[in-house]
2 protein chains.
Amino acid sequence: MRVVPLSPPSDVSRRGIPEATVARLPIYHRVLSHLAERGVATVSSEELAAASGVTSAKLRKDLSHLGSYGTRGVGYDTEYLVYQIARELGLTQDWRVVIVGVGNLGHALANYGGFASRGFRVVGLVDADPLRVGERIPAGRDGELIEVRPLVELETVVLDGEASIGVIATPASAAQAVCDRLVSAGVTSILNFAPAVLSTPAGVDVRKVDLATELQILAFHEQRKHPEVRA
Amino acid sequence: MRVVPLSPPSDVSRRGIPEATVARLPIYHRVLSHLAERGVATVSSEELAAASGVTSAKLRKDLSHLGSYGTRGVGYDTEYLVYQIARELGLTQDWRVVIVGVGNLGHALANYGGFASRGFRVVGLVDADPLRVGERIPAGRDGELIEVRPLVELETVVLDGEASIGVIATPASAAQAVCDRLVSAGVTSILNFAPAVLSTPAGVDVRKVDLATELQILAFHEQRKHPEVRA
DNA sequence: AGATGTGAACCAATTCACAGCA
DNA sequence: TGCTGTGAATTGGTTCACATCT
């Protein structure tokens, strides 16, 4: 049945941006930032799309979900659009992040430039290994040193740091337990690098980044390119 | 056991598995491997789906694209299904991988267990930093030591190692140049960790893993959970 | 003229619900 | 009886093509 759109027909941006669009906004944001730095004042959908690796139709449709921020016959004002996307993504706030697991991957995350650069602040590092506890790691762009705290203090670190985002960079075997503790300490968004499926209560978002999965997807397509071997 | 179809059965699995399905096969594969290790002989779609974080309807539809490997009223034979998925994904071959950029992230990738565990072999490490060149890094499960080679030797490393997959873990500024060189040396699949959009000729697959993007997507949803601030 | 913004058509993926088989 | 496998319905996303506005 199609009828009632209930409340919000009126204005342009009725709440609810398609998930596929949300996933591309960070790319547009990064590309636009670079353009702005280089002093480019306006871009057409065609140019921005090419630089972002999408089609111009898709780009325009994506941006249309945010509002009418372009000028017909001209294009988009770079600075203005960067700001609008940043606002939509919530990059104007600063998000406090705790990283659990400070092996090579955790280290890489802690001093990853893009991490701190856009509104994310590492406020805590936790590790189970006593040898790593106490180490001071430069986290974020400003290179502020953060001390690695023992696993037992996970809750304290989250609470004291008022973190709402947790990053899990532990072995798979520890991931669910760490997740549970992060959630009970108040974390409501989790980025999971451990190759494990996490279950969380409703209201907690989880995104996973799985290196092995990505490689396997590549392998699948690679296999089809060479119809040589028929096992 | 089962009646082995050996050669592609020609009928059920017409070529062309949906991309969304391909992206989930690695998860099923991992979950099934664990079940098999624990001695579980059969699983229902309901159980496997729960352990994989999907719905049972989706799981059955996914598996149906591979063939009819289940038994009505019973479920799926764990070992058998692991093998079928592995074959479909090409995990029965061994894929040779070169990693460019051996910072923290590159290190993490090189000795990531899941890397070597399922048919992927690191055959080369390359870095632009003279201080890192010469270092020997234990890559993969068997801990084989691989020496970091200078950037000028990138092509040699790819050719000698007969690598078809390249991993880019360099700064964004170097990514496109590295990509071009990998491709011209014969790499046809690329996993890109640098926050940059890569362009490649047709026939070369690129997948990207972007930490900043993932965090920004989380932030977007996080923002909507707390309708406090209205900027 | 030259670009955006968007309905309409199209295509892909998910969900539903049940027929079919062990 | 119980669970798989799958058409049909639905939802979500992409592409097309053009009306609209500067």
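Numbered from 1 within each chain, the chains take letters A, B, ... in sequence-line order.
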Assess the side chains of [X] and [Y]: does a donor N or O sit below 3.5 Å from an acceptor N or O?
{"X": "B:Arg87", "Y": "B:Thr92", "answer": "no"}
{"X": "A:His226", "Y": "B:Gln93", "answer": "no"}
{"X": "B:Asp77", "Y": "B:Thr42", "answer": "no"}

Take the protein atom [atom1] of [X] and the nucleotide atom [atom2] of [N], then report the distance between them rounded to whole Å.
{"X": "B:Tyr69", "N": "D:dT4", "atom1": "OH", "atom2": "C1'", "answer": "15 Å"}
{"X": "A:Tyr80", "N": "C:dT4", "atom1": "OH", "atom2": "P", "answer": "16 Å"}
{"X": "A:Leu81", "N": "C:dT4", "atom1": "CG", "atom2": "P", "answer": "11 Å"}
{"X": "B:Leu59", "N": "D:dG5", "atom1": "CG", "atom2": "P", "answer": "10 Å"}
{"X": "A:Asp77", "N": "D:dT22", "atom1": "CG", "atom2": "P", "answer": "16 Å"}
{"X": "B:Glu46", "N": "C:dC16", "atom1": "CD", "atom2": "P", "answer": "12 Å"}
{"X": "A:Asp62", "N": "D:dT14", "atom1": "CG", "atom2": "C1'", "answer": "10 Å"}
{"X": "B:His65", "N": "D:dG7", "atom1": "NE2", "atom2": "P", "answer": "11 Å"}

Near DNA chain D, under 4.0 Å by heavy atom, which residues of residues 18-45 of chain A?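 Here the set is A:Pro18, A:Glu19, A:Ala20, A:Arg24.
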Roughly how far, to the nearest 0.5 Å, is the CZ atom of B:Arg207 from the CZ atom of B:Phe193?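 It comes to 11.0 Å.
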Dump the intermediate steps for side chain to side chain contact (heavy atoms under 4.5 Å, CB included) on A:Leu63 and A:Arg60, then the final yes or no. CA-CA 5 Å; A:Leu63 294 185; A:Arg60 288 200 304 279; 5.9 Å; no
Is B:Phe120 close to B:Asp94 at the side-chain level, that is, under 4.5 Å between some pair of heavy atoms?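 No, every pair of side-chain atoms sits at 4.5 Å or beyond.
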Would you say A:Ser68 reaches C:dG5's phosphate, i.e. side-chain N/O to OP1/OP2 under 4.0 Å?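 Yes, because at least one side-chain N or O of A:Ser68 sits under 4.0 Å from OP1 or OP2 of C:dG5.
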On the nucleotide D:dT22, are OP1 or OP2 found under 4.0 Å from the side-chain N or O atoms that A:Tyr76 carries?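 Looking at the OP1 and OP2 atoms of D:dT22, neither is under 4.0 Å from any side-chain N or O of A:Tyr76.
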With side chain to side chain donor-acceptor pair (under 3.5 Å) as the test, would you mind laying out the steps for A:Ser189 and A:Asp205 before giving the verdict? CA-CA 5 Å; A:Ser189 291; A:Asp205 276 314; 4.7 Å; no
Using the salt bridge (charged side-chain N to carboxylate O under 4.0 Å, His left out) rule, take B:Lys58 and B:Glu46 through it: C-alpha gap first, then chi angles, then the decisive distance, then the call. CA-CA 10 Å; B:Lys58 193 185 278 185; B:Glu46 201 65 60; over 6 Å; no
Passes side chain to side chain contact (heavy atoms under 4.5 Å, CB included), B:Thr213 versus A:Arg30? Steps please. CA-CA 9 Å; B:Thr213 294; A:Arg30 193 175 59 223; 4.2 Å; yes
Can you check each nucleotide of nucleotides 15-21 of chain D against protein heavy atoms at under 4.0 Å and return B for base, S for sugar-phosphate only, - for none, in 5' to 3' order? B-B-BBB
